Amino acid sequence: MGWGNIYKRRVKVFTLALVIYFDYKALQQREKWASKSKKNFLWEKAHERNAKRLLNLIIELEGLWVKMGQYLSTRADVLPEAYIYFLRQLQDSLPPRPLQEIYRNIQKELGKTMDELFSTFDDNPIATASIAQVHRATLRNGQDVVVKVQHEGIKAVILEDLKNAKSIVDWIAWAEPQYDFNPMIDEWCKEAPKELDFNHEAENTRTVSKNLGCKNNHRNTNSENYVDVLIPEVIQSSEKVLILEYMDGIRLNDSELLEAFGVDKKKVVEEITRAYAHQIYVDGFFNGDPHPGNFLVSKEPPHRPILLDFGLTKLISSSMKQALAKMFLASAEGDHVALLSAFAEMGLKLRLDLPEQAMMVTNVFFRASTPSSEALENMKSLNEERTKNMKIIQEKMKLSKKEVSRFNPVDAFPGDAVIFVRVLNLLRGLSSTLNVRVVYLDIMRPFAESVLQGKISRGPVTNAQWISTPVHSDLEAKLRELLIKLGDDDKILGIQVCAYKDGKVIIDTAAGVLGRYDPRPVKPDSLFPVFSATKGITAGMLHWLIDNGKLKLDENVANIWSEFGANGKNSIKVHHVLNHTSGLHNALSSIPREDPLLMCDWDECLNRIAMSVPESEPGHEQQYHYLSFGWLCGGIIERASGKKFQEILNEAIINPLNVEGELYIGIPPGVESRLATLTVDVEDLKLLAGMGSRPDLPSTFQLGEIGDIPQMVAAIPILFNTLNIRRAIIPAANGHCSARALARYYATLVTGGIVPPPHTVSEPPLGSHPHIPTFSSLPHKKKGSKSKEVAIPKDKTKKEDHNHRHSKYSKKDTGKNYVQLATDNRSSTTSNNDAEYHTNKKDGKIFINPKIHDSFMGLREYENLVSPNGAFGLGFKRYNSKDGPLTAFGHSGLGGSTGFCDVEHNFAIAVTLNKMSLGGVTRKVMQLVCSELNIPLPEEFARFGSQGSGMQQNFDKPLIN
């Protein structure tokens with residue numbers, strides 16, 4: 001191609017782009033003064049004339065533009081009918097190339113004459129496409145074949161077209177910043193040239209055929225992942241010629257012939273979709289060009305789809321394959337946490353935190369297809385949804401209409417996902433073209449599940465990466481043997497164990513996977529929901545304020561929190577709250593089953609606690625406050641300190657212990673990729689079925705009210721896996737931390753507040769994560785660009801206090817209120833007035849009181865503040881061994897996550913799990929560790945032996961709160 005032709009080609013492309021752009025821009029102005037019926041007419045005429053313009057130029061230029069036209073012609077679900085009508089001609093009916101050119105290329109590539117190669121050769125092409133022309137022929141041995149011959153000089157044309165397409169995309173991104181298709185064109189520029197090597201296509205064809213088992217006559221046809229399609233066999237190939245087995249089939253756009261043969265079009269599209277789901281999720285190697293011209297339907301029953309043209313085939317990594325599967329399942333189940341985690345894993349970055357809108361956009365990808373007859377309504381619906389989402393962005397970021405029209409919420413789109421999205425769009429267009437409705441979620445789900453569950457089911461015996469952290473001691477080596485055994489017995493999904501002895505880390509193990517649909521390995525910095533183990537952290541915050549003189553244990557709560565005095569609560573003191581003897585054990589107990597999202601509303605929960613009515617006299621009896629404990633303590637913390645809950649958490653624990661990024665009560669946006677997902681041990685769940693009524697438990701657990709405890713317990717992980725609950729401040733139940741952060745907390749408490757040396761035995765080092773992750777900065781205006789940069793109000797660029805963000809989105813409409821534009825890389829530091837709080841005590845201690853352990857456990861001079869012989873001291877569980885009371889305390893949570901320390905032996909340990917059970921795993925870990933260290937084993941972890949526990953006894957223990 002000469003420079004003159006290159007220049008002319010470029011001018012024609014850019015001229016048409018400008019003509020179409022300004023045509024629509026002018027129409028937008030004209031329609032303002034037109035009637036509704038006139039508007040529709042004007043738009044129809046504009047679509048028709050621009051579609052004709054586009055078609056004529058594509059036919060003239062050919063090359064890459066044909067492929068673009070073929071792609072657009074399949075998008076009957078979103079494009080105006082005029083474009084589909086005109087561009088559909090490009091699928092297989094371009095003007096043929098001269099026969100002499102075809103002969104010349106074949107003989108040059110294969111090194112033989114036409115007579116030596118073929119006994120017959122049909123001079124009339126079957127199809128002429130963008131890159132090649134296809135003829136039917138018969139080999140000298142009598143085999144019927146098709147011969148695909150590349151157009152002369154097409155390589156130079158394609159490369160030039162890619163440059164022009166890139167320039168147009170850059171121009172569109174400048175003129176309309178919200179339409180930035182650079183990630184798509186960049187990926188296309190990388191992948192499209194591969195189609196020019198037919199040896200490459202031949203190898204791809206063999207690989208896909210093998211992966212789908214097309215030549216395997218012994219496949220299991222009852223398998224969920226069985227795919228019934230045909231792929232022609234490769235006979236011979238060179239760089240520019242490909243000879244394939246001939247398969248007699250019907251084109252998908254030949255409606256009359258499909259009907260004459262009685263082809264079930266819906267079944268054909270569903271089977272094609274299954275084939276692509278297998279390629280994407282199971283094989284990680286898929287054809288990126290499923291337009292109608294690349295399929296046939298066999299004429300013989302059962303009319304199987306025939307897959308053609310594997311030039312544009314994408315290979316994705318195992319991690320990307322898993323991330324795509326996870327994104328699909330997250331969309332299917334409405335799991336915002338998994339969706340944001342999948343985005344992070346695949347490298348898709350957003351500029352702000354809008355999980356609800358991210359879910360909506362993802363649902364668009366996987367939505368059921370619509371027939372072409374519904375295209376107009378579908379387009380209107382999508383446009384309305386986009387307008388609604390941009391309005392939310394505008395409100396959150398306080399942007400003008402002009403600014404929001406130029407704002408693109410996506411900061412980075414991974415190249416590997418571009419072809420995946422293209423395939424989804426082409427498949428959707430395929431079903432629209434054939435006028436059938438396909439439910440993609442139902443068809444693709446088994447394949448997505450298989451790739452994740454296949455990874456997860458590989459337990460310790462077959463998965464060398466099941467435990468990936470180094471061994472720090474002989475004890476840790478023995479612990480690993482135990483965990484491997486429990487993993488092989490399917491008692492562990494994911495687990496972390498960290499222990500300190502005499503101020504040094506002796507165990508720091510992470511094993512298993514992050515979730516049922518998340519085969520990524522658990523790391524030392526993974527974040528686990530620890531349920532009521534959170535109470536031990538909340539209690540420590542209250543003790544810290546008491547140690548700083550901000551309140552007293554025997555002080556009336558109403559003196560600190562004036563609203564709390566309502567309804568006969570004037571005599572409730574701080575120590576009653578910590579000791580579970582306030583009489584408010586059932587306060588707000590109905591929330592989890594009546595209105596779970598109310599738990600996300602911090603202010604409303606505090607108001608309701610303040611207005612609650614006690615069921616017994618303060619100090620009369622110890623009844624476990626399984627949810628109310630957190631809001632009672634939280635209200636006291638905020639009133640006594642004059643600060644937000646999260647500020648005190650940071651000042652008292654996070655900052656002095658250097659556990660930034662690994663201990664939260666209410667997670668911030670940006671940590672989703674490190675979250676473990678909860679599930680239930682089904683075998684242990686069965687043990688609950690025979691449980692009788694328990695009058696000593698909070699009302700939520702009474703069978704008379706809910707009727708089915710196993711059903712209730714099974715629902716808990718579903719609720720606590722949701723993004724709203726994870727982000728809320730629920731100080732009794734929704735702490736998220738790593739075992740090493742929780743163990744460091746108890747290692748500090750066990751010494752009376754002396755902070756251990758920095759934890760650096762595992763990677764990444766503890767405290768190395770930003771406590772409040774930031775989103776990518778907004779794009780800067782390029783030099784010389786005339787586009788106006790989106791302006792962010794100055795007050796929005798300041799680092800926001802974590803709790804203030806929570807107070808904004810901890811209402812019932814949480815899904816609409818997320819925004820995160822912080823620019824600092826660290827957690828919020830203490831204010832200038834915090835010197836009085838003694839955050840950094842002398843000698844590295846966070847407590848001054850030399851009797852702080854007695855205060856935690858309610859011993860000696862604090863004995864009169866706790867219930868005699870009660871299980872709890874002042875906020876912490878007290879423990880006994882078979883030989884009597886221990887100088888030990890801690891707190892466990894639903895499912896087995898635990899924090900524990902033994903003062904006498906200077907020992908602290910934390911266990912975090914995501915497979916909720918009756919505590920059998922935690923008990924076995926404790927039994928082994930205590931035995932090896934010659935430390936008395938608390939009865940809590942000894943009494944139920946190898947079978948887990950009797951639920952009758954264990955339900956009122958903090959192990960299963």
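If you read the sequence from its start, that first residue is 1, and numbering goes on from there. Since this is a predicted model, take the numbers as computed values, not measurements.
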Has the side chain of [X] got a donor or acceptor atom that lies under 3.5 Å from a matching backbone atom of [Y]?
| X | Y | result |
| --- | --- | --- |
| Asn56 | Lys52 | yes |
| Gln133 | Pro125 | no |
| Thr205 | Phe310 | no |
| Glu152 | Asn105 | no |
| Tyr440 | Leu424 | no |
| Glu31 | Leu27 | no |
| His151 | Ala129 | yes |
| Ser331 | Met327 | no |
| Asp309 | Asp289 | no |
| Arg136 | Ile126 | no |

Return the [atom1] to [atom2] distance between [X] and [Y], rounded to the nearest 0.5 Å.
| X | Y | atom1 | atom2 | value |
| --- | --- | --- | --- | --- |
| Tyr276 | Asn287 | OH | CG | 3.5 Å |
| Asp248 | Leu296 | CG | CG | 8.5 Å |
| Leu212 | Ile231 | CG | CD1 | 5.0 Å |
| Lys45 | Asn40 | NZ | CG | 13.5 Å |
| Asp170 | Lys166 | CG | NZ | 4.5 Å |
| Ile306 | Phe295 | CD1 | CZ | 11.5 Å |

State, yes or no, whether a side-chain contact exists between [X] and [Y] at a heavy-atom distance under 4.5 Å.
| X | Y | value |
| --- | --- | --- |
| Glu201 | Ile131 | no |
| Leu252 | Val268 | yes |
| Arg9 | Val157 | yes |
| Leu99 | Glu101 | no |
| Val423 | Lys314 | no |
| Asp23 | Arg53 | yes |
| Lys148 | Leu308 | no |
| Leu162 | Pro193 | yes |

Thinking salt bridges, do [X] and [Y] make one under a 4.0 Å N-O criterion?
| X | Y | value |
| --- | --- | --- |
| Glu270 | Lys267 | no |
| Lys321 | Asp283 | no |
| Arg10 | Glu160 | yes |

Legend entry - Parallel, tilted or perpendicular: ring planes of Phe328 versus Tyr281, cut at 30 and 60 degrees: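 It falls in the tilted class, 30° to 60°.
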Inset, instruction - Can you label the angle between the Tyr24 ring and the Trp43 ring as parallel, tilted or perpendicular, going by 30° and 60°? - result: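 Aromatic pair Tyr24/Trp43 classed parallel.
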Counting only heavy atoms not in [X], do more than 12 fall under 6.0 Å of its [atom1]?
| X | atom1 | value |
| --- | --- | --- |
| Tyr85 | OH | no |
| Glu256 | CD | no |
| Arg30 | CZ | no |
| Lys163 | NZ | no |

Legend entry - Asp123 side chain to His135 side chain, donor-acceptor N/O pair below 3.5 angstrom: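 Looking only at side-chain atoms, His135 and Asp123 do not form any donor-acceptor pair under 3.5 Å.
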Inset, instruction - Assess the side chains of Arg428 and Asn425: does a donor N or O sit below 3.5 Å from an acceptor N or O? - result: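 Their side chains do not contain a donor-acceptor pair, so the 3.5 Å distance test is not met.
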At their closest point, which heavy atom of [X] faces which heavy atom of [Y], and how far apart are they?
| X | Y | result |
| --- | --- | --- |
| Glu271 | Pro305 | CB-CG, 3.9 Å |
| His303 | Gly262 | CD2-O, 4.2 Å |
| Thr128 | Pro96 | OG1-CA, 3.6 Å |
| Ala342 | Ala323 | CB-O, 3.6 Å |
| Lys194 | His200 | O-CD2, 3.6 Å |
| Val147 | Ala137 | CG2-CB, 4.0 Å |

Inset, instruction - Evaluate the side-chain contact (heavy atoms from CB on, under 4.5 Å) criterion for residues Leu196 and Ile158: first the C-alpha distance (whole Å), next the side-chain angles of each, then the deciding distance (0.1 Å), finally the verdict. - result: CA-CA 9 Å; Leu196 300 171; Ile158 292 290; 4.2 Å; yes
Inset, instruction - From the options Phe86, Tyr83, Trp65, select the one residue that forms a side chain to side chain contact (heavy atoms under 4.5 Å, CB included) with Leu54. - result: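 Exactly one pass, corresponding to Tyr83.
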Inset, instruction - Start with the C-alpha gap between Leu230 and Met247, add the side-chain angles, then the distance that decides, and say whether side-chain contact (heavy atoms from CB on, under 4.5 Å) holds. - result: CA-CA 9 Å; Leu230 300 172; Met247 287 187 171; 4.0 Å; yes
Inset, instruction - Would you check, one step at a time, whether the test side-chain contact (heavy atoms from CB on, under 4.5 Å) holds for Phe286 with Ile419? - result: CA-CA 9 Å; Phe286 59 94; Ile419 305 297; 3.7 Å; yes
Legend entry - Stepwise side-chain contact (heavy atoms from CB on, under 4.5 Å) test for His278 and Val229: CA-CA 12 Å; His278 194 293; Val229 296; over 6 Å; no
